[in-house]
Amino acid sequence: MPFTIAIDGPAASGKGTIAKALSRRFGFHHLDTGLLYRAVGAKGGDPLETARSLTARDLQRPDLRSNEAGQAASRVAIIPEVRLALVEFQRRFAIQEPGAVLDGRDIGTVICPNADLKLYVIASDEVRARRRASEIGADPAETLAALQERDARDQERETAPLRPADNAVILDTTEMSITEAVTDAVRLVIARRKGDGKLT
Ligand code: DC
């Protein structure tokens with residue numbers, strides 16, 4: 001049975017970094033599901049048509065990391081039919097051997113409700129804005145406003161809003177370095193895998 005890790009949380013909370021590190025450490029597949037929504041938003045046209053015909057190439061656009069692409073993603077992510085069009089791909093990705101890590105907003109609640117481990121990664125607004133601004137070379141104040149606007153939209157939408165799954169472990173990375181956050185997450189995976197009879 002593949003081991004599935006669901007990581008959710010607000011923008012720039014550190015979930016992508018943790019997801020990447022876990023996939024490397026355990027040799028699991030990794031999917032940044034935000035990229036799917038960013039690609040749909042950035043491509044334009046009818047969002048539903050775009051979501052239904054998304055290709056691997058669409059996910060490689062160089063402009064997907066910008067604040068604008070994030071806003072566009074959050075806007076198309078409100079549309080229930082767009083979300084539905086992306087469900088099957090994510091669920092198939094999640095059950096690959098030997099395991100998969102998916103990060104996003106609704107992985108533990110909607111996409112993989114039976115994930116072996118669910119993490120909900122948070123950090124203060126200021127810390128998240130500082131991290132994201134330095135990552136993409138944007139203004140911190142503008143980035144803070146953009147993150148807050150996006151979080152509000154992601155949390156308040158009717159379909160698959162951003163919220164922790166009932167059985168998610170909350171990881172607050174505000175005061176943590178990347179290494180500390182990853183170490184904590186690795187420990188949680190190992191503990192959960194031991195419960196499944198695996199040694200590491
Ligand atoms: O993780 P990210 O910042 O790249 O996500 C961009 C936007 O995509 C986010 O503001 C909301 C949407 N999103 C979503 O609705 N569900 C997901 N699983 C991932 C992202």
Side-chain angles (χ1 to χ4, degrees), residues 4-23 29-44 47-48 50-51 54 58-94 100-113 115 118-123 125 127-138 142-165 168 171 173 181:
T4 306
I5 304 173
I7 307 186
D8 293 301
S13 54
K15 61 186 188 307
T17 307
I18 293 172
K20 248 181 253 145
L22 289 181
S23 75
H29 305 272
H30 170 227
L31 181 64
D32 167 3
T33 64
L35 267 190
L36 304 174
Y37 294 92
R38 285 173 182 263
V40 172
K43 205 168 175 188
L48 182 53
T50 308
L54 211 58
D58 294 328
L59 304 182
Q60 286 156 9
R61 287 174 62 125
D63 56 350
L64 293 184
R65 289 272 151 224
S66 68
N67 280 334
E68 292 72 28
Q71 292 292 356
S74 162
R75 280 193 204 99
V76 297
I78 292 176
I79 307 167
E81 293 80 8
V82 166
R83 306 197 66 84
L84 195 62
L86 301 172
V87 166
E88 204 43 45
F89 172 76
Q90 296 174 79
R91 289 201 175 136
R92 255 186 285 119
F93 190 95
V101 190
L102 286 82
D103 67 277
R105 302 290 185 293
D106 62 340
I107 308 303
T109 52
V110 174
I111 302 296
C112 304
K118 298 178 186 178
L119 299 179
Y120 192 79
V121 184
I122 55 171
D125 290 6
V127 164
R128 292 188 296 122
R130 224 182 303 130
R131 284 181 192 158
R132 180 52 56 92
S134 74
E135 182 194 333
I136 62 176
E142 249 173 53
T143 303
L144 175 63
L147 289 184
Q148 288 173 330
E149 186 187 333
R150 204 139 65 82
D151 289 348
R153 200 185 294 118
D154 295 346
Q155 281 161 349
E156 286 158 22
R157 71 179 175 226
E158 285 203 3
T159 308
L162 168 65
R163 63 170 181 80
L171 197 59
T173 68

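Read the numbers this way: they start at 1 and go in the same order the structure lists the ligands and their atoms.
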Here the atoms of ligand 1 under 4.0 Å from any heavy atom belonging to Ala73 are 6 (C), 7 (C), 8 (O)
Report yes if the side chains of Ile79 and Leu48 come closer than 4.5 Å at any heavy-atom pair, otherwise no. no
Rounded to the nearest 0.5 Å, how far apart are CZ of Phe93 and OG1 of Thr33? 10.5 Å
Can you tell me the protein heavy atom closest to atom 19 (C) of ligand 1 and the distance? Thr33 OG1, 3.4 Å
Heavy atom under 4.0 Å from ligand 1: found in Arg150's side chain, backbone, both, or neither? side chain
Of all protein heavy atoms, the one nearest atom 12 (C) of ligand 1 is Ala77 CB, 3.8 Å
Could you tell me whether Arg75 approaches ligand 1 through its side chain, its backbone, both or neither, with non-hydrogen atoms closer than 4.0 Å? neither
I'd like to know whether ligand 1 has Arg83 as a neighbour, heavy-atom separation below 4.0 Å. yes
Quick check on Gln71 - does any of its heavy atoms sit under 4.0 Å from an atom of ligand 1? no
Between Glu135 and Arg132, does at least one N-O distance fall below 4.0 Å, as a salt bridge requires? yes
Is the shortest distance from a Lys or Arg side-chain nitrogen in Asp154 or Arg157 to a carboxylate oxygen in the other one below 4.0 Å? yes
Test item: side-chain donor near acceptor, Arg131 and Thr17, under 3.5 Å: no
Min over Arg132, Arg38, Arg105, Arg157 of heavy-atom distance to atom 17 (C) of ligand 1 lands on Arg105
Considering distance alone, does some N or O of Asp103 sit under 3.5 Å from an N or O of ligand 1? no
Under the criterion side-chain contact (heavy atoms from CB on, under 4.5 Å), which of Ile107, Thr4, Ile5, Ile18 is the partner of Val101? Ile5
I'd like to check whether Asp106 has a polar contact with ligand 1, where a contact means an N/O of the residue lying under 3.5 Å from an N/O of the ligand. yes
In terms of residue, atom name and distance, what is the protein heavy atom nearest to atom 13 (N) of ligand 1? Tyr37 CD1, 3.6 Å
Will you find, in the side chains of Arg153 and Ser74, an N or O donor that is under 3.5 Å from an N or O acceptor? yes
NZ/NE/NH1/NH2 to OD/OE distance under 4.0 Å, Asp32 and Arg38: no
For ligand 1, which atoms sit closer than 4.0 Å to a heavy atom of Lys15? 1 (O)
